[in-house]
Amino acid sequence: MAEAEELPRSIVRRVVKDKLSRCSEEGEISVSKDGLLAFSESGRIFIHYLSATANDICKESKRQIVSAEDVFKALEETEFSEFVRPLKASLEAEFRKKNVEKKAAVSKGKGDEQRKKRKMEAESSDKGEASINDESPDKAEGSDKSEGEEDDE
């Protein structure tokens, strides 16, 4: 088995232990190395089987990108239809969470942009006042002459 195809052991261990502890009244349950390997390999095979089925559904629809709907149909086709409802609920919750985070980031970004804009405007108006105050009357009178031009008087 290629390393790139292996599921991360820490995630498999966490998922298995979490699920087993919820199912058991005895508390935490230990899982042997070969037990974790069996779970990992089973998960990998299931993912390959489900993705191949979803890909076939996608190709039948003459599309090249597998969508969540293709995965739902693949679950039904492989007789795992009981997973469709919880999966949809999980995806909707994740989608809502990401939208809330995105909106928060956008509104924070807009506030930052407005503060930067006000700061730049204030700095430019301060510089404008400073250059007017720094200009001497002699400079102002000779401002219509180009540099290097001398008075012919």
Side-chain angles (χ1 to χ4, degrees), residues 1-136 139 143 146-147:
M1 175 170 57
E3 202 173 306
E5 292 183 2
E6 287 182 13
L7 297 176
R9 290 182 186 158
S10 61
I11 293 174
V12 172
R13 181 182 300 111
R14 187 174 353 132
V15 169
V16 169
K17 282 190 163 195
D18 181 55
K19 187 61 179 176
L20 291 177
S21 68
R22 290 182 190 187
C23 295
S24 171
E25 294 175 8
E26 298 174 17
E28 192 168 319
I29 295 187
S30 296
V31 181
S32 66
K33 266 187 170 181
D34 61 333
L36 280 174
L37 184 60
F39 277 115
S40 179
E41 188 63 12
S42 298
R44 187 186 69 79
I45 291 168
F46 179 74
I47 291 169
H48 279 254
Y49 181 55
L50 186 62
S51 60
T53 305
N55 189 45
D56 291 344
I57 291 168
C58 179
K59 285 182 179 179
E60 287 171 7
S61 300
K62 296 182 170 94
R63 291 181 287 110
Q64 294 182 350
I65 298 175
V66 177
S67 70
E69 286 298 321
D70 297 327
V71 176
F72 301 148
K73 288 177 187 172
L75 283 167
E76 290 171 356
E77 198 172 292
T78 57
E79 298 180 18
F80 288 101
S81 57
E82 67 271 13
F83 294 143
V84 173
R85 185 178 293 151
L87 177 59
K88 283 183 178 181
S90 175
L91 291 175
E92 287 172 5
E94 187 67 25
F95 181 74
R96 280 193 297 270
K97 180 182 169 189
K98 285 185 179 179
N99 276 343
V100 167
E101 290 171 355
K102 197 180 284 187
K103 285 179 182 177
V106 167
S107 64
K108 183 183 182 292
K110 284 183 180 177
D112 289 345
E113 288 175 19
Q114 290 172 346
R115 277 192 291 277
K116 286 179 184 176
K117 186 176 178 181
R118 283 189 294 244
K119 185 178 177 183
M120 288 176 58
E121 287 172 351
E123 288 175 355
S124 65
S125 66
D126 289 346
K127 287 180 183 176
E129 287 176 14
S131 64
I132 291 172
N133 293 337
D134 289 345
E135 205 171 279
S136 67
K139 262 188 178 175
S143 62
S146 59
E147 282 185 42

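Lys73 and Glu76 are not joined by a salt bridge, as no carboxylate oxygen comes within less than 4.0 angstrom of a charged side-chain nitrogen.
Atom CD of Glu79 has 12 or fewer neighbouring heavy atoms from other residues, nucleotides or ligands inside a 6.0 Å radius.
Ser30 is linked by a side-chain hydrogen bond (donor to acceptor under 3.5 Å, both in side chains) to nothing, counting only residues two or more places apart in sequence or in another chain.
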For this session: Report the C-alpha separation of Val84 and Val71 in whole Å, then their side-chain angles, then the decisive distance to 0.1 Å, and conclude whether the side-chain contact (heavy atoms from CB on, under 4.5 Å) test is met.
Result: CA-CA 9 Å; Val84 173; Val71 176; over 6 Å; no
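Sorted by first and then second residue, the side chain to side chain donor-acceptor pair (under 3.5 Å) pairs involving residues 80-94 (not counting sequence neighbours) form an empty list. For the ring pair (Phe, Tyr, Trp, His ring centres under 6.0 Å) condition, the pairs that include at least one residue of residues 45-82, sequence neighbours left out, are Phe46-Phe80, Phe80-Phe83. Counting only residues at least two apart or in different chains, side chain to side chain donor-acceptor pair (under 3.5 Å) contacts with residues 50-71 comprise Arg63-Asp70, Ser67-Asp70.
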Would you mind writing out the side-chain donor-acceptor pairs for residues 9-20 within the sub-3.5 Å range, not counting sequence neighbours?
{"residue": "Asp18", "atom": "OD2", "partner": "Arg22", "partner atom": "NE", "Å": "3.4"}
{"residue": "Asp18", "atom": "OD2", "partner": "Arg22", "partner atom": "NH2", "Å": "3.2"}

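To the nearest 0.5 angstrom, Leu50 atom CG is 10.0 Å from Glu77 atom CD. Note that the OG atom of Ser42 and the CG atom of Leu37 stand 9.0 Å from one another [nearest 0.5 Å].
In this structure, the side chain of Thr78 engages the main chain of Ala74 through a donor-acceptor pair within 3.5 Å.
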